[in-house]
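Accompanying notes for the structure given below.
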Amino acid sequence: MSIEKTIEKEVKSFIEKEFGQTPADTQVQLQKTRKEFKGDVTLVVFPLVKLIRKSPEQAADIIGLHLKEKTAEVTGYNVVKGFLNLEISPNYWRQVLNILYGEKDAVVAPAADEMATMIEYSSPNTNKPLHLGHIRNNLLGHSVAKILQAAGNKVIKVNLVNDRGIHICKSMLAWEKWGQGETPESSGLKGDHLVGKYYVKFDQEYKKQIKERTEKGVPAKEAEKQAPLILEAQEMLRKWEAGDAEVNALWQKMNAWVYAGFEETYEKMGVGFDKIYYESETYKLGKSKVLEGIENKVLFRKEDGSVWADLKEEGLDQKLLLRADGTSVYMTQDIGTAIQRFEQYPVKELIYVVGNEQNYHFQVLSIIMKKLGYDFADNLHHLSYGMVELPEGKMKSREGTVVDADDLIEEMISTAREMSEEMGKLDEFEQMEKENIHRILGLGALKYFILKVDPRKNMTFDPKESIDFNGNTGPFIQYTTTRLKSVMRKAEEKNIEIPAEIPEAVVPNEKEIGVVKLLKDYRTIIAEAASERSPALIANYIYELAREFNQFYHDYSILHEESEEIRQFRLVLSKETLKTLTHGLDLLGIETPERM
RNA sequence: GGCUCCAUAGUUCAAGGGAUAGAAUAGCGGUUUCCUAAACCGUAGAUCCAGGUUCGAGUCCUGGUGGAGCUACCA
């Protein structure tokens, strides 16, 4: 039993016996003792003073004295205001490390639950390359999937590629008009960037046409609708929907370019999926369910034939589900895909990793699903993450301020390369090995930078200041692991064995206890990160652990320690720390190099 | 206009209603005959404003100020 549980139990039974009052769980508040005070565990006494009817100081004193007498692990206490700081014996911490060390897996045992959690992320449009916003989405989705798995869930990762619609037709049309048969091979451009180029081209030409008309006095809205380019694009979409062979062939060709490009970026980021859905295959879903909804009178039809949900009772507006011409909208498709997924898979919940700009959409989705009578509506969760903003505000493709995913990744790797070469620690390595380490470090810095921030919050990225490699960063934690790996290598070279158990005679010092205390928390942190769906909790934890270990490492030597028993203790401590840091980094999708 | 979210050192981020608000970075000053100095130590620096609830408020409530998002027969 953990020391906190033991103390909690003892405090409760003590107060019950002595004062005839049973404290509620929320009244027994235990927390870690702050660094500036003596002690390990702190009981906040304020909530208990009403039951005990003494001053906070007196109450703390009585409880402290009792715990010291009754609980073997409590070796002393002190009272500061209403805070009872309890000192726990170093032997207890040694035992904690022994237990952690004995459990070979840092991972929580897989749950027996056969029902899976499905997590949808990435979901890109195929008309332009991925940017920094997508990076946050992908890293979050991938990391949350890993964390859920580590917490004992079955996880299915899915991607829904938005491969159809008017925006795709814009790229296709521009390529036909101005592309002169350009291909990724002929231009040397990555497929998604090539298609993106024509999407931009369309927009430019379209704007010109609008301007020509507004200058002749046509109202802006009229001009937007009249411009020949947009009419052509709309015509192309109609042909696509009618299955026109020529349009379809072009669509297939250009999408294939984009997929190849995306695949490259996904691979670089280290993210992947168990199943990829294409909107061209799912966009007709949901319509029949909506029609059923009319029969069941939960939806209604307007005079023009369009179908709506009335959400006034929920404090929202009306929401369109089928256009007057009978075609579906985004919401209709999402209704269809959700139903399909719950029917096809043994899924207990569905998590959508989508930006907070779509909060309203997902709020409405849940309400409509419920209206349609699907119980799993309560198991649809929107993992709503904040925008990545530039110092001057939102990224705008029109103003060319979009931070391209591929460019950023390359920049990170080359920064790692520059720094590494300056330090010269890898000089004797082969080129291939060096490049691999630069890649691991560059991506480590990027991933940690993104994931350490609470997903729900907006974050700022300044392209002028490169992402740090020192301090609270991925490379800092990676560096700690390479030091540890180096210690392990040297131990092996010197034939120093790492024992199966720690000798009982060892009494850990303060720095060592500091590390053990953190190691003990790891499983709890995973569970919390899973329920909060927040990789930031993992990131903050491993940073703190690395920092704590570095302090110990700086002050004490491991292999050069003279006492064999203490050396063994420190080796076990190091091995456990390495295991935990590596595992935590892996949950963030970050690799650890052997050297750096 | 309506709805939602946000506001913490110069900057980027932390802080389950609890102690003297933590880090990092930038600044200043130190540490290397010893397991990797991408490290370690020291120094200085912050809760948007006004009320309220509470033994205790960055955290909860009300009002204000400033910012973001949503409010499409786009996806």
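In this text, all values refer to a predicted model and were calculated from it rather than measured experimentally. First the proteins, then the strands, lettered A, B, ... as listed; each starts at 1.
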Item checked: Whichever of A:Glu36 and A:Asp555 has its nearest RNA chain B nucleotide further upstream toward 5' -> A:Glu36
Notebook entry, point to check: Aromatic ring centroids of A:Tyr259 and A:Tyr278 under 6.0 Å?
Noted result: yes
Check: Between B:C35, B:G18, B:U25, which one does the side chain of A:Ser486 approach most closely?
Finding: B:C35
Notebook entry, point to check: B:G22 P sits how many Å from A:Lys35 NZ, rounded?
Noted result: 12 Å
Check: P atom, B:U33 versus B:A44: distance in rounded Å?
Finding: 28 Å
Next item on the list: Write down the distance between OH (A:Tyr77) and P (B:A19), rounded to a whole number of angstrom.
Entry: 23 Å
Check: Just checking A:Thr460: base, sugar-phosphate only, or nothing, at a heavy-atom cut-off of under 4.0 Å?
Finding: sugar-phosphate
Item checked: Nearest-Å distance once atom C1' is located in both B:C35 and B:A7 -> 46 Å
Note to self: Applying the salt bridge (charged side-chain N to carboxylate O under 4.0 Å, His left out) criterion to A:Asp454, which one of A:Lys452, A:Lys457, A:Arg456 satisfies it?
What the structure shows: A:Arg456
Item checked: Protein-nucleotide distance (A:Lys464, atom NZ; B:U12, atom P), rounded to Å -> 12 Å
Check: So, are A:Arg164 and A:Glu241 salt-bridged, with charged N and O less than 4.0 Å apart?
Finding: yes
Next item on the list: Classify the ring geometry between A:Tyr543 and A:Phe476 as parallel (under 30°), tilted (30 to 60°) or perpendicular (over 60°).
Entry: tilted
Item checked: Stems where RNA chain B pairs, listed by first number, each of three or more Watson-Crick or G-U pairs under 3.5 Å -> B:1-7 with B:65-71, B:10-13 with B:22-25, B:27-31 with B:39-43, B:48-52 with B:60-64
Next item on the list: Tell me whether the OP1 or OP2 atom of B:G18 has a side-chain N or O from A:Gln31 closer than 4.0 Å.
Entry: no
Notebook entry, point to check: Which one, B:A75, B:C73, B:C40, comes nearest to the side chain of A:Gln551?
Noted result: B:C40
Note to self: Just to be sure I understand the rule, does A:Glu544 reach a base, reach only the sugar-phosphate, or reach nothing, if contact means heavy atoms closer than 4.0 Å?
What the structure shows: nothing
Next item on the list: Check every strand shown and say whether A:Pro47 touches a base, only sugar-phosphate, or nothing at a heavy-atom separation below 4.0 Å.
Entry: base
Item checked: Side-chain N,O (A:Arg323) to OP1/OP2 (B:C74) below 4.0 Å -> yes
Margin query: Say we look at B:G16 and B:C60: how far apart would their C1' atoms be, to the nearest angstrom?
Written below: 14 Å
Notebook entry, point to check: Mind checking the P distance from B:G66 to B:U53? Whole angstroms is fine.
Noted result: 28 Å
Item checked: Pairwise P distance for B:G22 and B:U43, with rounding to whole Å -> 13 Å
Item checked: Minimum-distance nucleotide (side-chain atoms of A:Thr42 versus B:C35, B:A19, B:A14) -> B:A19
Note to self: Expressed as a whole number of angstroms, how long is the span from A:Arg136:CZ to B:U12:C1'?
What the structure shows: 13 Å
Check: A:Met419 CE to B:A37 C1': how many Å, rounded?
Finding: 12 Å
Margin query: Can you tell me which nucleotide in B:A24, B:A75, B:C35 comes closest to the side chain of A:Val487?
Written below: B:C35
Checklist line | A:Arg439 and A:Asn436: side chain donor to acceptor below 3.5 Å | finding: yes
Notebook entry, point to check: When you compare B:C6 with B:G27, how far apart are their C1' atoms, in angstrom units rounded to a whole number?
Noted result: 30 Å
Check: Does the side chain of A:Asn550 get closer than 4.0 angstrom to OP1 or OP2 of B:C40 through an N or O atom?
Finding: yes
Next item on the list: Can you tell me the distance, in whole Å, between the CZ atom of A:Arg456 and the C1' atom of B:A15?
Entry: 15 Å
Item checked: Presence of A:Lys81 side-chain N/O under 4.0 Å of B:U20 phosphate oxygens OP1/OP2 -> yes
Check: Distance between the C1' atoms of B:C3 and B:C49, in whole angstroms?
Finding: 24 Å
Item checked: Stacking of A:Phe46 on B:G56 base (centres under 5.5 Å, planes under 30°) -> no
Margin query: By the 4.0 Å heavy-atom rule, please label A:Tyr543 as base, sugar-phosphate, or nothing.
Written below: sugar-phosphate
Checklist line | Under 3.5 Å: donor-acceptor pair, side chain of A:Tyr448, backbone of A:Ala539 | finding: yes
Check: Among B:A19, B:A14, B:C35, which is the nearest nucleotide to the side chain of A:Lys457?
Finding: B:A14
Next item on the list: If a pair satisfies salt bridge (Lys or Arg N to Asp or Glu O under 4.0 Å) and one of its residues is in residues 560-572 of chain A, list it, with sequence neighbours excluded.
Entry: A:Glu512-A:Arg570, A:Glu561-A:Arg570
Notebook entry, point to check: Does the ring of A:Phe83 lie flat against the base of B:A19, closer than 5.5 Å centre to centre with planes under 30°?
Noted result: yes
Check: If you measure from the P atom in B:G18 to the same atom in B:A39, how many Å do you get, rounded?
Finding: 32 Å
Check: What integer distance in Å separates A:Asp462:CG from B:U11:C1'?
Finding: 9 Å
Next item on the list: Go through the steps for A:Arg238 and A:Glu235 under the test salt bridge (Lys or Arg N to Asp or Glu O under 4.0 Å), then give the verdict.
Entry: CA-CA 5 Å; A:Arg238 271 190 292 277; A:Glu235 174 58 20; 3.3 Å; yes
Check: Can you check the A:Phe476 CZ to B:A24 C1' distance for me, whole Å?
Finding: 10 Å
Next item on the list: Select one nucleotide: of B:C73, B:A39, B:C35, the one nearest the side-chain heavy atoms of A:Arg483.
Entry: B:A39
Note to self: So which atom in A:Thr126 and which in A:Asp163 form the shortest heavy-atom distance, rounded to 0.1 Å?
What the structure shows: OG1-CA, 3.6 Å
Checklist line | Nucleotide nearest A:Arg547 (side chain, heavy atoms from C-beta), chosen from B:A75, B:U20, B:A23 | finding: B:A23
Checklist line | Derivation of the salt bridge (Lys or Arg N to Asp or Glu O under 4.0 Å) call for A:Asp304 and A:Lys302 | finding: CA-CA 6 Å; A:Asp304 65 358; A:Lys302 285 193 180 173; over 6 Å; no
Margin query: Base, sugar-phosphate or nothing for A:Phe552? Non-hydrogen atoms, less than 4.0 Å.
Written below: nothing
Next item on the list: Please tell me which of the listed nucleotides, B:A24, B:A14, B:A19, lies nearest to the side chain of A:Val80?
Entry: B:A19
Next item on the list: Using the closest heavy atom to pick a nucleotide of RNA chain B for each, name whichever of A:Asp325 or A:Asn85 lands nearer the 5' end.
Entry: A:Asn85
Checklist line | Nearest-0.5 Å distance that lies between atom CZ in A:Phe449 and atom CG in A:Leu408 | finding: 9.0 Å
Check: So, is A:Arg34 near the phosphate of B:G22, with a side-chain N or O under 4.0 Å from OP1 or OP2?
Finding: yes
Next item on the list: Considering only NZ, NE, NH1 and NH2 on the basic side and carboxylate oxygens on the acidic side, decide whether A:Asp40 and A:Lys517 come within less than 4.0 Å.
Entry: yes
Note to self: Across nucleotides 67-72 of chain B, 5' to 3', mark each nucleotide with B, S or - according to how protein heavy atoms within less than 4.0 Å reach it.
What the structure shows: -SSS--
Check: A:Val307 pairs by side chain to side chain contact (heavy atoms under 4.5 Å, CB included) with which of A:Thr332, A:Val329, A:Val290?
Finding: A:Val290
